[in-house]
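In this text, all values refer to a predicted model and were calculated from it rather than measured experimentally.
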Amino acid sequence: MLERSPLAIVIPCYNEAATLRDVIKGCAASGDVFVIDDGSTDGSSVIAREEGATLVETGGRTGYDRVIERGLREAFALGYRWVVTIDADGEHDPALVAHYAHLFRETKVQLVLGIRPAPQRLAEWVVCHYCRWRFGIHDILCGMKGYSRDVLEHYFADGRPNLVNTWPALLWAATGSSFGEIEVTGKRRLDKPRFSSRYRANIAIIKMLGPISALRKKTS
């Protein structure tokens, strides 16, 4: 009987049939793949099953934050040591999951964060600049993140919502704990984002500044 991987790969998905298969194939060798499907109607769930991923269905349109939360809690409950989140649209190169796994195994770091070539929205520039100044995180809004069990346990104990997949990382960085960063490349999305319109996304991201500014970073 094959030993289970210590790494879970969580892919939030809503109608990403055009790219999902390649994303799963590109990262499956690095860990166990979980596709969290938020009510797709384009056959994404069929593709997930065909490629051997564990399919977790939300049962409807719950939104990005809840989809990520479902995936993190699912992996944590199953006892995985590390969890990497990666988008289903191909904007994160799935081959990079192996680099996240390497950092976890070889450096013992507890948190690994992606750095995109550039933020995509004006609101992202503002929030990323603020988090770089406050916590030293270069791209807090990159969706490709790696969490250890310690990071997730710390986040779950806090009880606050996971704003755009940032809160586990921010809470960990606020303790003064170290983290790793990896440059993230991939294929630029040509159509509209599935989970939210650009306007709504900008508003949601700007609203994050309030809770983030209330965090107090511990100093040694």
* Within residues 86-108 or reaching into it, pairs that qualify as ring pair (Phe, Tyr, Trp, His ring centres under 6.0 Å) - sequence neighbours excluded -> Trp82-Phe104
* **Candidate pair Asp87 and Tyr64, rule side-chain contact (heavy atoms from CB on, under 4.5 Å), full reasoning** => CA-CA 11 Å; Asp87 288 355; Tyr64 180 78; 4.1 Å; yes
* **Exercise: identify the closest heavy-atom pair between Asp37 and Ser45** => OD1-N, 4.3 Å
* Asked: Which heavy-atom pair separates Gly114 from Cys142 by the least distance, and what is that distance?
  -> O-CB, 3.3 Å
* Give, for atom CG of Leu96 and atom OG1 of Thr185, the distance between the pair rounded to the nearest 0.5 Å. => 5.0 Å
* Trp172 versus Ile137: any side-chain heavy-atom pair under 4.5 Å? -> no
* Asked: In the single-linkage hydrophobic clustering (I, L, V, M, F, W, Y; side-chain heavy atoms under 4.5 Å), do Phe156 and Ile68 co-cluster?
  -> yes
* **Of all pairs that satisfy salt bridge (Lys or Arg N to Asp or Glu O under 4.0 Å), the ones with a partner from residues 129-139, not counting sequence neighbours** => Arg116-Asp139
* Establish whether Leu113 and Ile205 are linked, either directly or via other cluster members, by ILVMFWY side-chain heavy-atom contacts under 4.5 Å. => yes
* Asked: Looking at SG of Cys27 and CD1 of Ile86, how far apart are the two atoms once the value is rounded to the nearest 0.5 Å?
  -> 5.5 Å
* Please walk me through it: do Asn15 and Thr41 pass side-chain contact (heavy atoms from CB on, under 4.5 Å)? -> CA-CA 6 Å; Asn15 285 347; Thr41 58; 3.6 Å; yes
* **Under 3.5 Å donor-acceptor, Thr85 side chain and Gly143 backbone** => yes
* With Ser148 via side-chain hydrogen bond (donor to acceptor under 3.5 Å, both in side chains) - residues at least two apart -> Gln110
* Structure fact -> CD1 (Ile140) and CD1 (Ile115) are apart, to the nearest 0.5 Å, by 11.0 Å
* Do the side chains of Ser44 and Val35 get nearer than 4.5 Å, heavy atoms only? -> no
* Structure fact -> For Ile206 and Ala123 the tightest heavy-atom approach is CG1-CB, 3.6 Å
* Asked: Quick one: do Leu72 and Phe76 end up in the same hydrophobic cluster if we chain Ile, Leu, Val, Met, Phe, Trp and Tyr together by side-chain heavy atoms under 4.5 Å apart?
  -> yes
* **Student check: side-chain heavy atoms of Trp167 and Ile212 closer than 4.5 Å** => yes
* To do: Could you tell me the separation between the CG atom of Asn165 and the CG atom of Leu170, rounded to the nearest 0.5 Å?
  => 10.0 Å
* Closest non-hydrogen atom pair, Thr107 against Leu103 -> OG1-O, 2.5 Å
* To do: Please list, chain by chain and in numerical order, all residues satisfying salt bridge (charged side-chain N to carboxylate O under 4.0 Å, His left out) with Arg66, sequence neighbours excluded.
  => none
* Identify, with sequence neighbours excluded, every residue that meets side chain to side chain contact (heavy atoms under 4.5 Å, CB included) alongside Ala28. => Val33
* Asked: Is the backbone N or O of His138 less than 3.5 Å from a side-chain atom of Glu181, with the two atoms forming a donor-acceptor pair by type?
  -> yes
* Structure fact -> When rounded to the nearest 0.5 Å, the distance separating CG of Leu152 from CG of Leu111 is 9.5 Å
* For Arg73, check salt bridge (charged side-chain N to carboxylate O under 4.0 Å, His left out) against everything at least two apart and list the hits. => Glu69
* Tyr14 reachable from Val46 in the ILVMFWY side-chain graph, under 4.5 Å edges -> no
* side-chain contact (heavy atoms from CB on, under 4.5 Å) between Val151 and Val83, worked out -> CA-CA 10 Å; Val151 171; Val83 182; over 6 Å; no
* Does any pair with a residue in residues 145-172 pass salt bridge (Lys or Arg N to Asp or Glu O under 4.0 Å), and if so which ones, sequence neighbours excluded? -> Asp158-Arg160
* To do: Could I get the full list of salt bridge (charged side-chain N to carboxylate O under 4.0 Å, His left out) partners for Glu183, not counting sequence neighbours?
  => none
* Under the criterion side-chain contact (heavy atoms from CB on, under 4.5 Å), which of Val67, Thr62, Leu55, Ile11 is the partner of Ile36? -> Val67
* **Working for side-chain contact (heavy atoms from CB on, under 4.5 Å), residues Leu141 and Met208** => CA-CA 11 Å; Leu141 288 164; Met208 291 170 57; 4.0 Å; yes
* Closest approach of Ala88 and Thr19, non-hydrogen atoms and distance? -> O-OG1, 2.7 Å
* Asked: Among pairs that include at least one residue of residues 29-49, which meet ring pair (Phe, Tyr, Trp, His ring centres under 6.0 Å), considering only residues two or more places apart or in two chains?
  -> Phe34-Tyr80
* Asked: Excluding sequence neighbours, so at least two apart, what forms salt bridge (charged side-chain N to carboxylate O under 4.0 Å, His left out) with Glu57?
  -> Arg49
* Are the side chain of Asp38 and the backbone of Gly63 linked by a donor-acceptor contact shorter than 3.5 Å? -> yes
* Asked: Considering residues at least two apart in sequence or located in another chain, which fulfil the side chain to side chain contact (heavy atoms under 4.5 Å, CB included) criterion with Ser5?
  -> Leu7, Asp32
* Side chain proximity check, Cys13 to Leu20, heavy atoms < 4.5 angstrom -> yes
* Drop me the distance from Leu171's CG to Tyr155's OH, to the nearest 0.5 angstrom. => 8.5 Å
* Do Tyr147 and Met144 sit in the same hydrophobic cluster, where Ile, Leu, Val, Met, Phe, Trp and Tyr count as joined when their side-chain heavy atoms come under 4.5 Å apart? -> no
* Write out all pairs satisfying salt bridge (Lys or Arg N to Asp or Glu O under 4.0 Å) with one or both partners inside residues 19-31, taking only residues at least two apart or from two chains. => Arg21-Glu50, Arg21-Glu51
* Structure fact -> Heavy-atom nearest pair, Ala118 first then Trp125, reads CB-CZ2, 4.3 Å
